[in-house]
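In what follows, every chain begins at residue 1, and chains take the letters A, B, ... in the order their sequences are listed. Please read these numbers as outputs of a predicted model, since none were measured by experiment.
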Protein chains: 2
Amino acid sequence: MTSIKDVARDVEMSTATVSRALRGLQGVSEETRGRVMESARRLGYVPSPSAAGLASGLTRTVAVIVPRVTQWFFAAIVQGAEEVLRERGYDLLLYNLAGDASARHRVFETNLLTKRVDAVLVLSLKPSPDELDRLLRLGRPVTIIGADMPGWATVRIDDHEAASTATQHLLDLGHRRIAYIGGATEGVLDFTAPSARLAGYRCTLERTGAPPAPELEADGAFTVAGGLRAARELLSGTDRPTAIFAASDEMAIGALRAAQELGLRVPEDVSVIGIDDHEMASYFDLTTVAQPVHEQGRVAATQVLAALTDDHWHPEQVILPTELVVRRTTAQLRT
Amino acid sequence: MTSIKDVARDVEMSTATVSRALRGLQGVSEETRGRVMESARRLGYVPSPSAAGLASGLTRTVAVIVPRVTQWFFAAIVQGAEEVLRERGYDLLLYNLAGDASARHRVFETNLLTKRVDAVLVLSLKPSPDELDRLLRLGRPVTIIGADMPGWATVRIDDHEAASTATQHLLDLGHRRIAYIGGATEGVLDFTAPSARLAGYRCTLERTGAPPAPELEADGAFTVAGGLRAARELLSGTDRPTAIFAASDEMAIGALRAAQELGLRVPEDVSVIGIDDHEMASYFDLTTVAQPVHEQGRVAATQVLAALTDDHWHPEQVILPTELVVRRTTAQLRT
DNA sequence: TTGAAAGCGCTAACAT
DNA sequence: ATGTTAGCGCTTTCAA
């Protein structure tokens with residue numbers, strides 16, 4: 001393996017100069033840089049990240065902690081983050097918790113990340129106080145995506161508002177019995193969105209004078225299967241809701257399925273709206289409140305990289321806009 | 001930052017012994033190991049992967065090169081691989097090409113990976129001869145998933161057979177005008193599955209005496225949108241096919257959509273079958289040839305780790321079984 | 001603009 | 001079972 005030393009010998013210069021030339025630092029004459037680059041190429045020089053990391057304390061690697069890569073939403077954020085990291089020459093270390101508490105424990109509790117990454121991106125997880133403490137002690141930039149964590153750098157949408165938009169859309173269509181399918185407001189993969197969305201739903205309903213009814217609120221675990229189960233329950237009782245607001249498109253898709261199973265037509269018999277604008281949403285004709293998923297990944301990555309370079313940077317809370325996308329699963333209430 | 005040296009000083013032993021104790025090597029008395037562990041914990045010792053990597057030449061990191069994480073199929077494989085890597089204490093470096101030729105170039109051409117990872121997993125990509133050459137010169141275990149590359153360690157399904165199963169299912173239902181939606185057999189994100197599946201389709205048709213008709217073969221680019229476009233075309237002509245076999249579930253979902261747009265009922269007017277058993281397949285009632293996606297990731301990861309530890313290991317070609325899953329998008333031909 | 005030299009934190013070969 | 005001793009390949013003062 002040819003090292004910086006071989007190149008130095010080849011161009012008859014010190015390794016220090018070669019290192020500087022290779023990294024594009026200033027204070028190297030153009031002629032020298034040219035000779036170094038040429039020699040490096042000719043000798044097939046490949047830098048050693050381990051050696052650079054050991055010497056500089058920087059790894060040019062960012063950890064991304066994700067609840068489940070198999071969920072389109074998370075994968076899209078990862079993709080966004082990867083793009084900007086790659087552009088800037090950073091590598092992405094993926095930690096997929098996949099609903100596994102021990103995986104979560106391993107990533108947060110052991111100081112696994114300490115000397116391994118320059119920054120951390122946490123997706124849609126609400127770290128516990130203890131976990132936050134460990135993240136803080138990493139002494140590295142951390143950005144949290146999709147959760148509201150005051151004092152931390154975050155990138156998210158206004159979940160309360162998004163839920164409000166969805167609920168209001170149904171109200172505007174004349175619906176009054178509006179069910180809500182959400183998710184546990186705490187647990188292994190908890191984040192702050194579920195509670196904010198639930199609150200947005202309740203608030204908006206209350207403004208109409210209609211008090212939220214507990215029997216209209218169900219847990220769909222933010223999965224298609226969960227949404228299916230929840231909607232089955234909601235729709236099979238007597239006095240069923242005329243509309244369902246699911247806090248995620250996947251749950252909404254489950255709800256569509258439940259309606260179909262029960263012989264209910266959408267939107268004639270029941271309207272359904274979700275949040276996300278999932279890649280499959282348009283194929284289900286799903287009305288939804290779209291959020292810029294991919295973009296959240298890009299912004300978060302940009303943010304940690306800025307923290308890494310800017311001398312005095314301080315945590316920022318970015319809130320990205322959402323937009324109501326009306327398709328064909330919501331319609332005027334039939335009287 | 002406390003290092004191995006601090007622990008050595010604390011327990012009054014050499015760094016070599018501490019290193020051995022920490023790594024669980026044999027040749028360390030139980031008493032010593034205990035004291036070292038206790039001291040390490042007490043001092044808040046965190047190992048430095050860079051230092052270990054530099055000294056040992058091993059990074060305990062595996063690169064996973066994926067066409068697009070946002071596609072469920074790839075994400076599921078990544079998840080499978082991540083599980084076994086994590087169990088064994090390896091980290092996963094994600095390289096997402098996302099249809100970007102320059103990203104592909106960057107990963108393969110520059111020797112980015114050389115001193116960075118211990119092994120490489122390549123998903124559903126057919127490396128060019130030049131790329132294969134570079135992979136080979138990494139001198140590291142490489143496993144290719146979803147492509148048929150003789151001489152290399154691979155994990156995949158029998159694509160020819162899977163396509164045959166799907167086609168035969170349609171034939172068994174009485175269909176004769178069976179269209180095929182596949183994907184380019186070369187390009188930036190090419191792999192060997194498209195051609196094998198096309199061949200399986202053609203072969204099976206030929207056995208019935210029906211020569212494959214070029215006008216029944218379309219390109220759906222392995223995406224929902226592509227499948228939609230292709231099926232629109234196929235279904236709007238005169239003498240339209242009575243069944244469509246899409247080489248992936250996503251394209252099949254697009255085909256379902258096209259049928260719906262054109263006012264055709266599935267399966268009464270047209271049968272549709274896919275390959276994969278995508279997580280959304282059951283919600284579309286899609287008949288498909290299921291493949292063990294997650295498992296392919298696990299097997300591939302297990303394979304490279306074995307290559308890393310076994311003294312004399314040689315590349316193996318693992319073929320995982322597929323299974324016809326009949327749902328409600330295929331039915332007997334109506335005469 | 002360049003060089004000398006120390007050292008980042010660990011592993012591994014060789015001793016004992 | 002434990003210690004000694006070289007590095008691994010790079011970055012980073014400090015000097016020139």
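The pair A:Arg33-A:Glu30 meets the salt-bridge criterion, with a side-chain N (NZ, NE, NH1 or NH2) lying under 4.0 Å from an Asp/Glu carboxylate O. Salt bridge status for B:Arg35 with B:Glu12: absent, with no side-chain N to carboxylate O gap under 4.0 Å.
Comparing D:dT4, D:dC10, C:dG9 by their closest approach to the side chain of B:Ala16 singles out D:dT4. Among D:dT4, D:dC10, C:dT11, the nucleotide with an atom closest to any side-chain atom of B:Ser14 is D:dT4. With C:dT2, D:dT11, C:dC8 as the candidates, the nucleotide lying closest to the side chain of A:Val28 is C:dT2. Listed nucleotides D:dT12, C:dG9, D:dG3 differ in distance to B:Leu54; the shortest reach to its side chain belongs to C:dG9. In the set C:dC10, D:dC10, C:dA13, the nucleotide with an atom closest to the side chain of A:Ser48 is D:dC10. Of the listed nucleotides (D:dG3, D:dG7, D:dG9), D:dG7 has the atom at the smallest distance from the side chain of B:Ala55.
For the residue pair A:Arg298/A:Thr302, the side-chain donor-acceptor check at 3.5 Å is not satisfied.
Using a 4.0 Å heavy-atom distance criterion, B:Ala52 is classed as a sugar-phosphate-only contact. Among the heavy atoms of the strands lying under 4.0 Å from A:Thr32 are primed sugar atoms or P, OP1, OP2 only; no base atom is included. Looking at heavy-atom distances under 4.0 Å, B:Arg20 makes contact with a base.
Rounded to whole Å, the distance from CZ on B:Arg23 to P on C:dG9 is 17 Å. When the P atom of C:dG3 is taken as reference, atom CG of A:Leu25 falls 15 Å away, rounded to whole Å.
Where B:Arg33 and B:Lys115 each meet DNA chain D at their nearest nucleotide, the meeting point lying more 5' is that of B:Arg33.
Annotation: the span from A:Gln303 atom CD to A:Gln296 atom CD amounts to 11.5 Å, rounded to 0.5 Å.
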